[in-house]
Each structure stands twice: as structure tokens, then as C-alpha cells.
Amino acid sequence: DSQQNIVKKSIPIVYEDEAICIVNKPYGIPVQGGAHISVCLTEILSKQLRTEIFPVHRLDKETSGLLVTAKSSAAARSCRTLFESQAVEKEYLALCFGGFGCSASKQTLKPIPKEGIIDTPIMENGTRKPASSAYKLLSGTDAYSMFSVRLHTGRMHQIRIHLAGIGYPIIGDDKHGNFALNKKLWKTARIKKLQLCAYRLCFPVGGKFRRFTVPVPEHIQTAIDDLFGNI
């Protein structure tokens, strides 16, 4: 049912020219179709813009935020090359379990530096692939932390795996997160959705880099207000 409601809504467009379209992907829509997927972003956007849309990179279904799509396979290829060359800056906001000096598992950790790089390799298709995420701790309470994370590589579920790996699993992550804490937070605060969004993007358009920013989605703003008060 929610899938049908999504189709009626249009996808918010952040920037568009003859070659590309940058959108603010809503929560809960997969970027591409596949088995058991009745509706996907490229399909909705194609109908909306009345032109074929080609995916350039991916965001998980549960991750909202800035996504670059292309209007031709040639444009998609050149955009992918930009992403692979790391010329594109992607920055995410993540709300995590684990507070200052204390990880989600309640072990006392030596406090993590306010900013740093996580470069634990990530398994992809049975192979260990290099991965690198730069994080900044934006604010925190004794139980929760808010990070901004910049991706230097784009492995599947990279931010989710990396933050969980340093003891700060993303709230609402049902694959790499902390299931017991997720369950508890659902009971106490009715927070269930993945608290991760791609909120900043630096991407070349018309020959120069432009910085795009979207406001955090409603489900994340609500969680920030509930968990972090008036930080």
C-alpha cells in the first residue's frame, strides 16, 4: 500500500539539466528495480520527466537523500567515472547508539576522536575490498551520537558497517545494527526507520563543482528532536 502511495507522489528534484537529474530520494524506495520490487525510483522519475532515467550510484532503500541520475547511458557512464575517481564528495548524517566514551554495547571505550577515518576493509561478493569513511562527531548525549560521514569509497552498506564496527551502530539498522537496542527504542520512542541520509553532495555541473544540500527528512528530524533535545 505504501508503495502505491509513493507512486502518486513526485520525486523532489534538486537540480536538473539536459544530461542529469539530482533528486532528494525519499525513504523506502529502492533506486533500481529487480526481483520482488514493484516500484523503483528510476521508474517513477522516468514517468515524471517523460524520459528514460539511468542510475549513476545507489542509496539503500532505507537511506534518503541526494541521488544523481542521468538521462542517457553516456551521461550515466561519465557520472559513474566521476564517482569512481572520487571527484564527487558525498556526506551523510547518521544517528547512532553509543554516547561519549561508551559504546552501544555498554563497554567503556576510550572516547573516539571527534573526527577520524575508518578504513576497515569490507567484504563484497566474497572478497575483502578496501573501504574508507571519514567521520565527524557532531553532537552526542550519554546514549546517542550524531555523525557526519564522508565516503571515500562506495561499498555496499559501508557507513552502516563502519560505524557499527567502532561501536556506534546506526539507529534503525536492521542488518548491521544492534537489534536489541532497535527494539527497545521502538517500544520507548516509536523510532524504527534507518537514521541515515545523504544530505550533502559536491558534484560538477556545467563545468564547475556545486555543493548541494537537502534538509534532513522528517523521520530523522523527529528522532533528533526526541533523542538530542535542543542541541
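Index from 1, following the sequence. All values below come from the heavy atoms of this structure, side chains included, with hydrogens, waters and symmetry mates left out.
Under the 4.5 Å side-chain heavy-atom criterion for grouping Ile, Leu, Val, Met, Phe, Trp and Tyr, L185 is connected to I224 within one hydrophobic cluster. Cluster annotation: I117 and I166 are assigned to distinct hydrophobic clusters (Ile/Leu/Val/Met/Phe/Trp/Tyr, side-chain heavy-atom contacts under 4.5 Å, transitive). Using a 4.5 Å cut-off between side-chain heavy atoms of Ile, Leu, Val, Met, Phe, Trp and Tyr, with links allowed through other members, L227 and L93 fall into the same hydrophobic cluster.
Here the closest non-hydrogen pair linking A223 and L95 is CB-CD1, 3.7 Å. Contact record, I29 with K25: O-NZ, 2.7 Å, taken as the closest heavy-atom pair. Closest of all the heavy-atom pairs between K90 and F83 is CD-CE2, 3.6 Å. Looking at every heavy atom in both residues, D17 comes nearest to I20 through OD1-N, 2.8 Å. The two residues F228 and G140 have their closest heavy-atom pair at CE2-CA, 4.1 Å. Across every non-hydrogen atom of C21 and L49, the tightest pair is SG-CD1, 3.9 Å.
Residue pairs satisfying the side chain to side chain donor-acceptor pair (under 3.5 Å) criterion with at least one member in residues 119-128, sequence neighbours excluded, are absent.
R80 contributes atom CZ, which lies 8.5 Å from atom OG of S73 (distance to the nearest 0.5 angstrom). Annotation: the span from I170 atom CD1 to N178 atom CG amounts to 13.0 Å, rounded to 0.5 Å. For the atom pair R210 CZ and F203 CZ, the distance stands at 12.0 Å (nearest 0.5 Å). The distance from the SG atom of C40 to the CD1 atom of I53 is 11.5 Å, given to the nearest 0.5 Å. Here the straight-line distance linking atom NZ of K183 with atom NZ of K187 works out to 5.5 Å at 0.5 Å rounding.
A heavy-atom distance below 4.5 Å is not found between the side chains of K61 and V31. Between I118 and L163, some side-chain heavy-atom pair lies under the 4.5 Å cut-off. Here the side chains of S145 and L137 are in contact, with some heavy-atom distance below 4.5 Å. Here the side chains of S46 and T51 are not in contact, with every heavy-atom distance at 4.5 Å or above. Proximity of Y168 to F97: side-chain heavy atoms (C-beta onward) are nowhere separated by under 4.5 Å.
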Just list the side-chain donor-acceptor pairs under 3.5 Å for residues 190-200, sequence neighbours left out, or say none.
residue: R190; atom: NH1; partner: W186; partner atom: O; Å: 2.9
residue: Q195; atom: NE2; partner: K193; partner atom: O; Å: 2.9
residue: R200; atom: NH1; partner: E91; partner atom: OE2; Å: 3.3

Acceptor/donor pairs from residues 151-161 side chains to any protein atom, 3.5 angstrom cut, sequence neighbours excluded:
residue: H152; atom: ND1; partner: S132; partner atom: OG; Å: 3.3
residue: T153; atom: OG1; partner: S132; partner atom: N; Å: 2.9
residue: T153; atom: OG1; partner: Q158; partner atom: OE1; Å: 2.8
residue: T153; atom: OG1; partner: Q158; partner atom: NE2; Å: 3.2
residue: R155; atom: NE; partner: P130; partner atom: O; Å: 2.7
residue: R155; atom: NH2; partner: P130; partner atom: O; Å: 3.0
residue: H157; atom: ND1; partner: H176; partner atom: NE2; Å: 2.9
residue: Q158; atom: OE1; partner: R155; partner atom: N; Å: 3.0
residue: Q158; atom: NE2; partner: S132; partner atom: O; Å: 2.9
residue: Q158; atom: NE2; partner: S133; partner atom: OG; Å: 2.9
residue: Q158; atom: NE2; partner: T153; partner atom: O; Å: 3.3
residue: R160; atom: NE; partner: D173; partner atom: OD1; Å: 3.3
residue: R160; atom: NE; partner: D173; partner atom: OD2; Å: 3.1
residue: R160; atom: NH1; partner: D60; partner atom: OD2; Å: 2.7
residue: R160; atom: NH2; partner: D173; partner atom: OD1; Å: 2.9

When you look at Q32 and R58, which way does the side-chain contact (heavy atoms from CB on, under 4.5 Å) test go after all the steps? CA-CA 8 Å; Q32 280 172 280; R58 302 185 77 123; 3.0 Å; yes
Applying salt bridge (charged side-chain N to carboxylate O under 4.0 Å, His left out) to R150 and E89, what does each step give before you reach the verdict? CA-CA 7 Å; R150 271 174 138 144; E89 264 180 29; 2.5 Å; yes
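The residue from L201, T69, L67 that alone fulfils the side-chain contact (heavy atoms from CB on, under 4.5 Å) condition with I22 is L201. Of the residues listed (E52, E18, E16), the one engaging K71 in a salt bridge (Lys or Arg N to Asp or Glu O under 4.0 Å) is E16, and it is the only one.
With hydrogens and angles disregarded, no donor-acceptor distance shorter than 3.5 Å links the side chain of T63 to the backbone of L59. With S148 contributing its side chain and Y92 its backbone, the two residues share no donor-acceptor pair below 3.5 Å. At distances below 3.5 Å, at least one donor-acceptor pair connects side-chain atoms of H57 with backbone N or O atoms of V68.
Sparse packing is recorded around NZ of K184, with 12 or fewer heavy atoms of other residues, nucleotides or ligands lying under 6.0 Å away. Around the CD atom of Q221, the shell of radius 6.0 Å holds more than 12 heavy atoms that belong to other residues, nucleotides or ligands.
Remark: E115 engages no residue in a salt bridge (Lys or Arg N to Asp or Glu O under 4.0 Å) (not counting sequence neighbours). With sequence neighbours excluded, no residue satisfies ring-ring contact (aromatic ring centres under 6.0 Å, His included) with F54. When the side chain to side chain contact (heavy atoms under 4.5 Å, CB included) test is applied to S72, the partners found at least two apart in sequence or on another chain are A74, A75.
In this pair, F147 and Y135 present their aromatic rings perpendicular. The plane angle is above 60°, beyond the 30 to 60° band.
Taking the six-membered ring for Trp, F212 and Y15 have ring centres closer than 6.0 Å.
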